[in-house]
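Chain naming here is simple, since letters A, B, ... match the order of the sequence lines and numbering starts at 1 in each. Heavy-atom basis, side chains included; hydrogens, waters and symmetry copies ignored.
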Protein chains: 2
Amino acid sequence: MAKQPARQSDKFSFDVSRCLICSARNLNMCGALEPEELAKLSGMARCETFGSGDVLFHEGDKATSVYNITDGAVRLSTTLKSGRRQVIGFLFSGDFIGFSDRNEYPWTGEAVRGAKVCRFSRGDLTRATQELPKIEHRLLEMASADISAAQDHITMLGQSSAAEKLSAFLVMLSRKAATRGGSGNPVHLPMTREDIADYLGMAFETISRCFARLESEGLITVESIRVIRINDMDALADFSDSR
Amino acid sequence: MAKQPARQSDKFSFDVSRCLICSARNLNMCGALEPEELAKLSGMARCETFGSGDVLFHEGDKATSVYNITDGAVRLSTTLKSGRRQVIGFLFSGDFIGFSDRNEYPWTGEAVRGAKVCRFSRGDLTRATQELPKIEHRLLEMASADISAAQDHITMLGQSSAAEKLSAFLVMLSRKAATRGGSGNPVHLPMTREDIADYLGMAFETISRCFARLESEGLITVESIRVIRINDMDALADFSDSR
DNA sequence: CCCTCGCGTTGACACAGGTCAAGAAAAAGA
DNA sequence: TCTTTTTCTTGACCTGTGTCAACGCGAGGG
């Protein structure tokens, strides 16, 4: 389970020069701004580093901050009264946490194996968007992308078999990694089998069995527990049937 | 299946006066504007009426328009290569269609039993938002609400049993109706059992069985095939376990 | 009015994937 | 390094829900 409270070392404001060389910049809201404008945002940002399993915020906490992920991975999840957990998403460098119409966080955010983030207070960001409407335009683009991703998640959960879901998951992670500049193959998995299971709505034993099955069918090679080689990307994407 | 091409009677520009008395206004993006500003938008809008099963647009069509629903219900769905269909959502008066990061519609939009919409060209709306940043602010709020709704859908699909899903669906429809001014009970279902099944990721026979089971347990009364009375809202919401 | 056809209900049965259990392999800690 | 704990794998079994099939009902058309 998650450690509590969050460990937060390396906490300081940004100098704009750090923002200018930020590898996440072109993927997140900062990419919409010119260097002079970026200075306004950088003054509001707080850089924070989290260790494996550290909690950024709990479901139900007052939603006072929003986050740009700059390194590592963050897991968003909700837990039902019955104790079952749904992992809503895994966020990586360039991703944004904060789209919600509620005053409390509707999910818990935890660093998967460590993460770096850039934190803004909601109030500061609201003020910045009033001065720089470009930010809101970019946020709307990002929110639209999140909606598309959520709808793909819905379709996968509703219509796919266990093996199809796992294939789609691997293809998605590969594409996300490619967007971030890597080759996307082999796929590196920072999360556990249980995390994957709770993202895909299945039991973790079934995840294990599906990895074994996809490997026996030659679609993937499990190079190590957290490194999966996709032997034929097109075949795997085709098998996943997710358009 | 859906009729094609769409039947579109009653096609004309709005006079602002019509917008001022529009019952959907306070729920959609128009609610962000003063009467003078609203006139700018109303000049771009085209009012369209669709009959039962009529197609507004097909998955894959060039996404040239966005829509405000003003009456009736619209079903958004995607169909996989395998032929399985996922219903992404049912939209009612006050809802907006158009959040997507893709150039083609990622879903098919069809009137469930008839619908009235207010259509804008994407280009017109983009120009309007440049002049009136308020619109973009309101759209971001609406997109955030859509993200929250999609995440609830994800949690339901991933972690709930068949009966829990159907309960959550009924509670959601009831709340949506209440937002629109009705009592929300009994719940009126414009869609078929198959539509509900494809929304909840289950077989339509299972929907039938779950209605029977919820009724036998006294949680609901099936007053007619499309009218469901919720006998104890709290008990049903509690049973659905969806927070 | 009756006929037709789409939609809904119910039953019988099958099977994908969940659950429980045991043990292996990694990771973390000492 | 050795120990302890966590994570992963595999097997056996069970159950919820899908599938197939038959039939009932009700809205719409002639």
Per-nucleotide protein contact string for nucleotides 8-17 of chain C, where B marks a base within reach and S marks sugar-phosphate only (heavy atoms under 4.0 Å, - for neither): SBBBB----S

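- Within the model, atoms CZ of Arg84(A) and OG1 of Thr78(A) stand 11.0 Å from one another, a figure rounded to the nearest 0.5 Å.
- For the ring-ring contact (aromatic ring centres under 6.0 Å, His included) test, residues two or more places apart in sequence or in another chain that qualify with Phe99(A) are Phe96(A).
- Here the C1' atom of nucleotide dC7(C) and the CZ atom of Arg113(B) are 11 Å apart, to the nearest Å.
- The ring-ring contact (aromatic ring centres under 6.0 Å, His included) search around Tyr199(B) returns Phe90(B), His153(B), Phe169(B), not counting sequence neighbours.
- Side-chain atoms of Ser160(B) do not come within 3.5 Å of backbone N or O of Leu157(B) as any donor-acceptor pair.
- Classification of Arg102(B) and Glu59(B) as a salt-bridged pair fails, no side-chain N sitting under 4.0 Å from a carboxylate O.
- Contact record, Glu104(B) with Gly60(B): CG-O, 3.3 Å, taken as the closest heavy-atom pair.
- With sequence neighbours excluded, no residue forms a ring-ring contact (aromatic ring centres under 6.0 Å, His included) with Phe92(B).
- Distance CG (Leu200(B)) to P (dG18(D)): 10 Å, rounded to an integer number of Å.
- Rounded to whole angstrom, the span from the CD atom of Glu164(B) across to the P atom of dT17(D) amounts to 9 Å.
- Axis deviation across the helix from dC1(C)-dG30(D) to dA30(C)-dT1(D) amounts to 50°, comparing end segments of five pairs, rounded to 10 degrees.
- Considering only residues two or more places apart in sequence or on other chains, Tyr105(A) meets the ring-ring contact (aromatic ring centres under 6.0 Å, His included) condition with Phe57(A).
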